[in-house]
Colleague: 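The following block contains the structure, expressed as structure tokens.
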Amino acid sequence: MDEMSDERGKRPPIRRVQYTPAERAEAVRIVRSSKGRTILEIAADLGINDRTLNMWVVAARNAQIDPDGSMSDTAKRRIRELENQVARLEKDLEFEKKARAFTQSISLRRRSST
């Protein structure tokens, strides 16, 4: 018999944790400020289900995009897609800047050694 089962063979009900709006907002802030960490990692650190945390992040993002709720789902989805594209392009640009600086430093070393 399963340790989690009671004497009738049924599992006890799962207790749902209720989080305050302040706790949710803080978790979303942590996700937004954590560069390079996944929601899965952050959720594990906070002791929150990763799907729950992801829902909070998406809801906060939608509220930021459309505070009064007047936009269509299609329009909000398109804005999210464009935001993701901008984030990727910014990341690519940052990589390009670092690569350019690296190649310039190598070029300067070669010139100074001759």
Side-chain angles (χ1 to χ4, degrees):
M1 185 178 208
D2 190 332
E3 288 180 16
M4 297 294 292
S5 300
D6 64 11
E7 59 278 349
R8 293 171 299 210
K10 294 182 182 175
R11 290 183 179 268
I14 296 173
R15 195 172 138 259
R16 291 179 49 120
V17 178
Q18 295 292 321
Y19 296 95
T20 66
E23 290 170 325
R24 292 176 185 202
E26 179 62 14
V28 169
R29 187 197 63 75
I30 291 169
V31 169
R32 288 180 173 167
S33 65
S34 298
K35 299 290 183 199
R37 294 185 67 210
T38 66
I39 286 181
L40 190 63
E41 294 168 336
I42 296 166
D45 288 349
L46 297 175
I48 300 171
N49 181 289
D50 60 295
R51 287 190 222 149
T52 300
L53 181 56
N54 188 57
M55 285 185 348
W56 295 349
V57 171
V58 169
R61 194 176 195 189
N62 285 339
Q64 188 176 18
I65 291 171
D66 184 23
D68 59 355
S70 61
M71 294 175 70
S72 70
D73 288 343
T74 304
K76 287 187 273 191
R77 189 176 313 111
R78 180 67 179 141
I79 289 172
R80 283 194 303 271
E81 289 169 358
L82 291 171
E83 287 175 338
N84 289 336
Q85 183 178 7
V86 167
R88 281 191 307 272
L89 291 171
E90 287 174 342
K91 192 175 180 180
D92 290 348
L93 181 60
E94 187 63 31
F95 176 80
E96 187 176 325
K97 287 178 184 178
K98 289 178 182 179
R100 185 175 299 134
F102 178 73
T103 56
Q104 286 176 348
S105 70
I106 289 175
S107 178
L108 289 174
R109 280 191 228 150
R110 286 182 181 164
R111 285 186 208 152
S112 64
S113 66
T114 56

Colleague: Taking all non-hydrogen atoms of both residues into account, name the closest pair between Arg109 and Ser112 and its distance.
Modeller: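 Answer, listing the atom of Arg109 first, then Ser112: O-OG, 3.0 Å.
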
Colleague: Measuring from atom CG of Leu89 to atom CG of Asn84, what distance do you get when rounded to the nearest 0.5 angstrom?
Modeller: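 These two atoms lie 11.0 Å from each other.
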
Colleague: So does Arg80 pair up with Glu83, basic N to acidic O under 4.0 Å?
Modeller: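 Salt bridge flag = no for Glu83 with Arg80.
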
Colleague: If you compare all heavy atoms of Val28 against all heavy atoms of Ala60, which two are closest, and at what distance to 0.1 Å?
Modeller: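 Shortest heavy-atom separation between Val28 and Ala60 comes out as CG1-CB, 3.8 Å.
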
Colleague: Roughly how far, to the nearest 0.5 Å, is CD of Glu96 from NZ of Lys98?
Modeller: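 Nearest 0.5 Å value for the NZ-CD distance: 13.0 Å.
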
Colleague: Between Tyr19 and Ile48, is a side-chain contact (heavy atoms from CB on, under 4.5 Å) present by the stated rule, with each step listed?
Modeller: CA-CA 10 Å; Tyr19 296 95; Ile48 300 171; 3.9 Å; yes

Colleague: Restricting to non-hydrogen atoms, name the atom on Asp50 and the atom on Ala43 that form the minimum distance, rounded to 0.1 Å.
Modeller: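 Answer, listing the atom of Asp50 first, then Ala43: CA-CB, 3.6 Å.
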
Colleague: What's the spacing between Asn62 CG and Arg77 CZ if we round to 0.5 Å?
Modeller: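 It comes to 10.0 Å.
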
Colleague: Can you tell me how far the OG atom of Ser34 sits from the CZ atom of Arg29, to the nearest 0.5 Å?
Modeller: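 Reported value, rounded in 0.5 Å steps: 8.0 Å.
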
Colleague: Hey, could you give me the NZ/CD1 distance between Lys76 and Ile65, rounded to the nearest 0.5 Å?
Modeller: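 The CD1 atom of Ile65 is 8.0 Å from NZ of Lys76, to the nearest 0.5 Å.
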
Colleague: Is Ile30 reachable from Val17 through a run of hydrophobic residues whose side-chain heavy atoms are each under 4.5 Å from the next?
Modeller: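 The answer is yes; both residues are in one hydrophobic cluster.
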
Colleague: In terms of hydrophobic clusters joined by side-chain contacts under 4.5 Å, are Leu82 and Val57 together?
Modeller: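 No, Leu82 and Val57 fall in different hydrophobic clusters.
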
Colleague: Quick one: does any side-chain atom of Thr103 pair with a main-chain N or O of Ala99 as donor and acceptor, under 3.5 Å?
Modeller: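 Judged by distance alone, yes, a pair lies under 3.5 Å.
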
Colleague: How far does CD1 of Ile42 sit from CZ of Arg32, to the nearest 0.5 angstrom?
Modeller: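 Atom-to-atom, Ile42:CD1 and Arg32:CZ are 12.0 Å apart.
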
Colleague: Grab the two heavy atoms, one from Asn49 and one from Arg51, that are nearest each other, plus how far apart they are.
Modeller: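 Here Asn49 and Arg51 meet closest at OD1-N, 2.7 Å.
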
